[in-house]
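In what follows, a single structure is set out as structure tokens and then discussed.
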Amino acid sequence: MDFASPINITLADTGYSAYSQNPVAVGLTSLVTALVGLLAYLSYTPSVDKKAPALLTTGTTPFIGSFEYLQRQWTFWRKARAQSRTGNFSFWLGKHHVVGISGPNARKVFFETPELEFTSGQALRAFGLHFVPPVPGIFKPGFHKGRSYFIRRLYELHKTEHLVRYLPSLTRDARLGFEALDENSTAVADTSGVCCRIVFAQDCRLMCTDEIADDPKLFDRVLGYYEFLQSAHSLYNVPFPWLPSVSYVRRRYVRATLIRIMTGLLNKRIKEGTAGKDDAMSMLLNHGDREDWIIEFLISVLFISPGNSRVLGGHMLNIMAMHPRWQEAIYDEIKAATAAHSRNSNTAATLIDHLDSLPLEAWESSFPTLELCFREAIRMWTAFGMVRLNISDKAIPISGSDEVIPPGSWVVYNSTEAHYSPELYPEPTKFDPERFLEGREEFKKEPYGFLGWGAGRHPCPGVRWAKLQMIIIVAYALARFRWISCDEHGRPIKPALHRKELDDPRATAFGKFYCKYVPRE
Ligand code: HEM
């Protein structure tokens, strides 16, 4: 054979036909192969422990699973519980196997089992700043005495020393927030909008940096990003985390932008030094913490802290407007607190000037009626799915049944079950703060009957600040104005319109509500 002569190989020699070279045919074949592969991947269901609660048989869609869980949480929950022999049930969300539990025994398992991990629950939420998995390092337990870096540093920022240092700035934010309303000639306010700005400014100061709160342009920009994150939802990304969606991409973009902004502020602080600056950013730097953790802490806290409070501030003012009896009782409480604790001796001082001078102890101990109303508001508000992941390799027994939460499965408990139970809260849709007074307390009939601040292994670490913040905001609002329910044009409306929508897929979103505000002094 002459190896030097050129070799002519025809298509026929290779065994390929001219058809297989056609680009359209090649494209079609690849597409069909990809589709078959995708269908095979989607239809593969991992096996789960046989003792897992029975799978729901109705309302499920191939590949997606029980999508109604994301769309109408409470309706889904009630239907699923009614189908179940034990009150517990299983369902799929894409490839996530989820166990729903109900009843007091199951509640105990949910809140007390150490292997049920909190942060991974984000994987079943369709919104927010975090994209889990993986769980960011700052949220992993074991940084200090079993706690994560995030929780450890959060508690430090809520110590008396830090709160006392920041109190004048925090009360000034509330005072200025309501003073700004004076210029509004229509005298109708979107209460959530007003309180949201105050809450966010205060949170920036106490747990991040004054630099954001003191720069109006930067403040509006950063607040805009967080408001987007609190409301942008990509429900389909729960069953299919890899599915491209506009909302998902925008959430990623906003997160990257926030990291960029925070990195800029941190680098500036490192360059200028922390001397004379007492804010959270300096505190974390002075601890010698990793810079990437500091940035993750600062951007996370501005999402987590206002999550509930920004809604509840406005909601509390709506409640005051709906219940003038409570509004006046709290107004009297404000006058009594300032009379007893004001450090302002100026005879011309207004009620608001006196509030400016209250010490921390007075803020935290002089408002029992306001705290009672806040507790009832939280009871009605904390009505959504709480989620954990069984991170162990063992099945966790659900006490009171012969069922288990399999390893690697998610478990959800909807706190509406407890907070709107007629046994624990007679007439549950009625705003009735007195249910928490001694002699009633019907919610104590069952363990974990009140879940407003979480419970068991994951109680809310922000409770001290959240209460103080709400007391400050409501006190300044009521000291200055009388609040009256109305629509956006100032026309009176039925108070019943102000309520939480239990089926809203956006757990932390709350509609716009309006109030008239009439100056007191
Ligand atoms: C009125 C305001 C607030 C309410 C009603 C509230 C409610 C709750 C509830 C019910 C939980 C438990 C969730 C669960 O078990 O799945 C929780 C946990 C948590 N809250 Fe709050 N919260 C509020 C304010 C705050 C604030 C101001 C912060 C931060 C400064 C905060 C930080 C957290 C964190 C980090 C957790 C998770 C704890 C853990 O991982 O163990 N919360 N909160």
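For ligands, and for the atoms within them, numbers begin at 1 and follow the listed sequence.
Each of Leu312, Thr369, Ile471 was evaluated against Phe374; a single residue qualifies, Leu312, per the side chain to side chain contact (heavy atoms under 4.5 Å, CB included) test. The residue from Phe303, Tyr226, Tyr225 that alone fulfils the ring pair (Phe, Tyr, Trp, His ring centres under 6.0 Å) condition with Phe200 is Tyr226.
The aromatic ring centroids of Trp74 and Tyr69 lie 6.0 Å or more from each other. Between Phe139 and Tyr149, the gap from one ring centroid to the other reaches at least 6.0 Å. You'll find the ring centres of His97 and Trp92 inside the 6.0 Å limit.
Contact annotation: for Leu451 versus ligand 1, heavy atoms closer than 4.0 Å belong to the backbone alone. With a 4.0 Å cut-off on non-hydrogen atoms, Gln469 does not touch ligand 1 at all. Contacts with ligand 1 closer than 4.0 Å are made by side-chain heavy atoms of Phe150 only, the backbone lying farther away. At a heavy-atom distance under 4.0 Å, no atom of Ala455 approaches ligand 1.
Of the protein's non-hydrogen atoms, Cys460 SG, 3.7 Å is the one closest to atom 31 (C) of ligand 1. Nearest protein heavy-atom contact of atom 41 (O) of ligand 1 is His458 ND1, 2.6 Å.
Of the candidates Pro141, Gly462, Ser148, Gly462 brings a heavy atom nearest to atom 26 (C) of ligand 1.
Using a non-hydrogen distance threshold of 4.0 Å, Met470 does not register as a contact of ligand 1. Put simply, no part of Lys467 is less than 4.0 Å from ligand 1, judged by heavy atoms.
Considering both main-chain and side-chain atoms, Arg388 comes within under 3.5 Å of ligand 1 through a nitrogen or oxygen pair. Between Thr382 and ligand 1, a contact under 3.5 Å exists for no N or O pair.
One finds a salt bridge joining Arg435 and Glu376 here, because a Lys/Arg side-chain nitrogen approaches an Asp/Glu carboxylate oxygen to under 4.0 Å.
Side chains of Tyr476 and Asp173: a donor-acceptor N/O pair is absent below 3.5 angstrom, by distance only.
The contact set between ligand 1 and Phe118, taken as ligand atoms under 4.0 Å from a residue heavy atom, comprises 13 (C), 14 (C), 15 (O), 16 (O), 37 (C), 40 (O).
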